[in-house]
Amino acid sequence: MKRLIFAANWKMHLGPEAARGYMETFLARVPLLDDREAWFFPAAVALHAVAEAARGRGDLAVGAQNVHWEEKGAFTGEVSAPMILDAGATAALVGHSERRHVFGETDAETGRKVRSLLAHGLTPVLCVGEKLEQREAGVTLSVVGRHLGVLEDLDARALAKVVIAYEPVWAIGTGKTATPADAVEVHAFIRDFMGREGADPGQTRILYGGSVKPDNIADLVGESEIDGVLVGGASLDPVTWGTMVQTPLD
Ligand code: 13P
């Protein structure tokens with residue numbers, strides 16, 4: 001039985017001190033989750049603080065928002081897979097739309113990051129998704145297919161470790177959410193891709209992200225195609241996020 005993943009991407013918010021306070025409030029409100037997991041993606045400087053706060057709770061996990069593909073070296077401003085592992089991370093986002101569209105990250109770079117994470121036993125959360133003009137032009141699935149292409153030569157064992165997050169760019173931070181039906185269509189396409197590559201499609205975990213809020217989360221996680229959510233803005237308040245993580249499932 002797959003456990004749903006409720007993932008919080010804090011983006012460039014909450015330093016170590018604020019993160020400790022956040023976790024204190026969250027932990028006081030959220031008892032051990034037995035049918036789901038809550039994952040936190042803090043800024044790199046707060047990774048260790050969040051990992052320490054989550055220590056001993058098997059239902060919680062911590063990951064980085066980005067990683068460099070090299071292990072070490074003269075790459076000013078970057079952090080590597082071994083470094084985030086040392087800080088307590090078990091996962092990292094890769095190819096988030098802000099990395100792709102604000103920082104110009106390419107599919108080739110995304111692919112190298114996925115491989116570096118896998119080489120260190122970390123879970124890559126590969127983010128994929130189309131821009132508004134691409135959706136309107138009817139090329140959503142080919143864009144998502146291109147983003148997924150970085151997984152093409154991975155074996156079944158590696159693919160089993162990868163989590164995919166479908167985040168339509170036009171729904172991120174805009175208040176516009178894909179309808180559950182829109183999300184389901186793309187999730188089914190992703191699941192089919194993973195199956196063709198040799199993964200067990202039933203075990204592949206595919207999250208939806210983009211303006212997930214307290215008032216739409218139940219409809220999204222109620223879809224059997226949707227294995228969890230990746231949430232930005234609404235995850236920044238520990239009380240709101242604590243409630244969202246405990247969304248009742250039918
Ligand atoms: P919002 O939930 O703020 O739309 O952000 C989504 C996102 O980018 C999560 O990675």
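Predicted, not measured: the structure shown is a model, and the values here were computed from it. Counting starts at 1 for both ligands and their atoms, following the listed order. All residue numbers in this chain count up from 1 along the given sequence.
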(message) I need the S142 OG to H147 NE2 distance, nearest 0.5 Å.
(response) 10.0 Å
(message) Donor-acceptor check, side chain of Q65 to backbone of K11, threshold 3.5 angstrom: yes or no?
(response) yes
(request) For ligand 1, note which part of N9 has a heavy atom under 4.0 Å away: side chain, backbone, both or neither. (result) side chain
(request) For atom 2 (O) of ligand 1, grab the closest protein heavy atom and report residue, atom and distance to one decimal in Å. (result) G232 N, 2.9 Å
(message) Strictly below 4.0 Å, N to O, side chains only: are K113 and E105 in salt-bridge contact?
(response) yes
(message) Below 3.5 Å, N or O to N or O, backbone or side chain included: is there any such pair between H96 and ligand 1?
(response) yes
(request) Enumerate the atoms of ligand 1 whose separation from the nearest heavy atom of G233 is less than 4.0 angstrom. (result) 1 (P), 2 (O), 3 (O)
(request) Give the minimum heavy-atom separation between S211 and G173, together with the two atoms involved. (result) OG-N, 3.8 Å
(request) Among all protein heavy atoms, pick the one closest to atom 9 (C) of ligand 1 and tell me residue, atom and distance. (result) E167 OE2, 2.8 Å
(request) Output the list of atoms in ligand 1 that are nearer than 4.0 Å to some heavy atom of L230, sorted by atom number. (result) 9 (C), 10 (O)
(request) Check if G173 has a non-hydrogen atom at a distance under 4.0 Å from any atom of ligand 1. (result) yes
(message) Using the rule side-chain contact (heavy atoms from CB on, under 4.5 Å), only one of L60, L33, T240, I217 pairs with V245; which is it?
(response) L33
(request) Check whether any heavy atom of A171 sits under 4.0 Å from an atom of ligand 1. (result) yes
(request) Would you kindly say whether E130 and W170 are connected by a side-chain donor-acceptor distance under 3.5 Å? (result) yes
(message) I need the contact type for C127 against ligand 1. Using non-hydrogen atoms and a strict under-4.0 Å cut-off, is it side chain, backbone, both or neither?
(response) neither
(message) Tell me whether ligand 1 is touched by S211 - counting only heavy atoms on the residue side and a distance under 4.0 Å.
(response) yes
(request) Report yes or no: does K11 have a heavy atom closer than 4.0 Å to ligand 1? (result) yes
(message) Exactly one of W10, F6, F40 should register a ring-ring contact (aromatic ring centres under 6.0 Å, His included) with F26. Which one does?
(response) F40
(message) When you compare the side chains of D107 and T110, does any donor N or O come within less than 3.5 Å of an acceptor on the partner?
(response) no
